[in-house]
There are 2 protein chains.
Amino acid sequence: MKNLRPELIALLKKGSCTPRLSKLAAKTHSKATTIHYNIKQLESQGVIKTYKAVFDYKKVDAGFCTFVLVNLDKKEYKSPEDIGSMLAEYPEIESIDIITGEWEMLLKVRTKDISQYYEFSKKVLSLRGIERTQSLNSLFQIKTEFVKMQ
Amino acid sequence: MKNLRPELIALLKKGSCTPRLSKLAAKTHSKATTIHYNIKQLESQGVIKTYKAVFDYKKVDAGFCTFVLVNLDKKEYKSPEDIGSMLAEYPEIESIDIITGEWEMLLKVRTKDISQYYEFSKKVLSLRGIERTQSLNSLFQIKTEFVKMQ
DNA sequence: TTAAAATTTGAAAATAATTCAATAAGAGTT
DNA sequence: AACTCTTATTGAATTATTTTCAAATTTTAA
């Protein structure tokens, strides 16, 4: 018997969910078929990207959250998007933004703990094109992904 | 006939979704009843907070994304969590973290455009307890909420 | 006012989730 | 290894939800 949990968590983190039409119908005082029509429209217009789960990240070995400000080495890459899409493959990285100001990129990273973060940083933050980084540690999360924690 | 879209988007942003057991069963080569059992367990243990939609935020009037570093006025509040939970009520705020370093708090804010951000900042970033802020603008989003954009 | 397009709805059909009892697998003890 | 206890998986039946589709309604634009 294999442990399904890690596989389920990985799938739910990015998708494998669906809107609850009956609940939405009740909350908006309309019929399920009307919601169905409206949701299909949002989906086909690309308004909705996916449906996913939000976790208590402490309980899925991702309780250590770090924001990483990144300076990119202009000589080493074609465009910030190129490094960005490489980084996007790492499951530890929750978000990647190209930003204004002193730093070119901001990452949000989730690992189990500080030592797993150290492993991540050795592996990822030394990639060609990444010149310098500064990390800000999250001590406490009040809201994530529009969802209040606690 | 009222326009359901804004109401649906607001609901889906925080919840009103459900895991697709049949899909998860297929992907993990197990039975739907097994997935059902495992998911109920994750839910009752508080591992899963909610199921929600991820949007193309440009298409839901929230394409302008800003990270706000915040210094808190120690005289004005009991604890950072108190200001945090006040801020958590604003629908424009995607995430709130208490962080290490020069700044005490990091917000991620989504508005329609720069002028709506200005309205937000006048309304919210002048609340008692917020001493000083610095905002970093997102020029391009590569990944959000663990989901690759584009 | 009228015609066309977009949205809502109801009924029926198709899928999917839930319940529950039986079975199987794993963990720990003797 | 045999036994017991606990945890996890499964199949069958029930219940609930989603999907389809045609008809009706509402909105938009001329």
Side-chain angles (χ1 to χ4, degrees), chain A residues 1-63 91 112-113 145-148, chain B residues 1-63 91 112-113 145-148:
Chain A
M1 230 187 314
K2 68 173 170 180
N3 183 12
L4 280 173
R5 253 171 111 123
E7 211 176 341
L8 288 178
I9 290 167
L11 288 166
L12 292 170
K13 195 168 80 162
K14 298 163 135 197
S16 298
C17 297
T18 194
R20 212 182 309 181
L21 303 188
S22 55
K23 198 180 182 182
L24 289 165
K27 286 192 184 177
T28 60
H29 308 290
S30 48
K31 306 295 175 218
T33 45
T34 305
I35 301 300
H36 181 261
Y37 175 85
N38 279 271
I39 295 275
K40 285 302 158 210
Q41 208 168 246
L42 290 169
E43 289 172 355
S44 69
Q45 292 168 358
V47 176
I48 292 170
K49 286 281 183 191
T50 193
Y51 306 98
K52 57 156 286 177
V54 175
F55 300 94
D56 182 338
Y57 290 98
K58 292 184 297 299
K59 295 181 179 167
V60 294
D61 290 348
K112 182 177 161 50
D113 52 33
E145 296 165 81
F146 293 106
V147 176
K148 272 184 269 181
Chain B
M1 229 187 312
K2 66 173 172 180
N3 183 12
L4 280 173
R5 254 171 110 124
E7 211 176 341
L8 288 179
I9 290 167
L11 289 166
L12 292 170
K13 195 168 81 161
K14 298 162 137 199
S16 299
C17 297
T18 195
R20 211 180 310 179
L21 304 188
S22 55
K23 198 181 183 182
L24 289 165
K27 286 194 183 176
T28 60
H29 308 289
S30 48
K31 306 293 174 219
T33 44
T34 305
I35 301 299
H36 181 261
Y37 175 86
N38 278 272
I39 295 275
K40 285 299 158 210
Q41 208 169 247
L42 290 170
E43 289 172 354
S44 69
Q45 292 168 358
V47 176
I48 293 170
K49 286 281 184 192
T50 193
Y51 305 99
K52 58 157 284 175
V54 175
F55 300 95
D56 182 338
Y57 290 99
K58 292 184 298 299
K59 295 180 178 166
V60 293
D61 291 347
K112 183 177 161 47
D113 52 33
E145 294 164 82
F146 293 107
V147 176
K148 273 184 267 182

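Side chains included, hydrogens not; waters and symmetry mates left out as well; all remaining heavy atoms used. Treat the numbers as computed from the prediction; the structure is a model and nothing was measured. In what follows, chains are A, B, ... by sequence order, proteins preceding strands, each numbered from 1.
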Touch check for A/T34, heavy atoms < 4.0 angstrom, all strands: base, sugar-phosphate only, or nothing?
-> base
Minimum heavy-atom separation for A/K14 to A/K52, with atom names?
-> C-CB, 3.9 Å
Quickly work out the A/L8 CG to D/dT9 C1' distance and round it to whole Å.
-> 13 Å
Shortest non-hydrogen contact from B/I48 to A/F55?
-> CG1-CE2, 3.8 Å
Nearest heavy-atom pair of A/T50 and A/G15: which atoms, and what distance?
-> OG1-CA, 3.5 Å
Quick one: is C/dT8 close enough that its OP1 or OP2 comes under 4.0 Å of any side-chain N or O from A/Y37?
-> no
For B/A53 and B/C17, work out which heavy atoms get closest and say how close.
-> N-SG, 4.0 Å
Rounded interatomic separation in angstrom, taking CD1 from B/I39 and C1' from C/dT19 = 17 Å
Taking only the side-chain nitrogens and oxygens of B/N38, find out if one of them lies under 4.0 Å from OP1 or OP2 of D/dT7.
-> no
Between A/K31 and B/L21, just flag the one whose closest nucleotide in DNA chain C comes earlier from the 5' side.
-> A/K31
Would you kindly give the CZ-to-P distance between A/R20 and D/dT19, to the nearest whole Å?
-> 14 Å
Any A/Q41 side-chain nitrogen or oxygen under 4.0 Å from OP1 or OP2 of C/dT7 = yes
Phosphate OP1/OP2 of D/dT19: any A/H36 side-chain N/O under 4.0 Å | yes
Roughly how many Å is it from CD1 in B/I35 to P in D/dT10, rounded to a whole number?
-> 9 Å
Between A/T18 and D/dT18, is there a side-chain N or O to OP1/OP2 distance below 4.0 Å?
-> no
Between D/dT10 (C1') and B/H29 (NE2): distance, integer Å | 18 Å
First of A/K2 and B/K2 reached from the 5' end of DNA chain D, by closest nucleotide = A/K2
Which residue lies toward the 5' end of DNA chain D, A/K23 or A/L4, if each is placed at its nearest nucleotide?
-> A/L4
Nearest atoms (heavy-atom pairs only) where B/K49 meets A/D56 | CG-N, 3.8 Å
Within the structure shown, what part of the strands sits under 4.0 Å from B/T33 by heavy-atom distance: base, sugar-phosphate, or nothing?
-> base
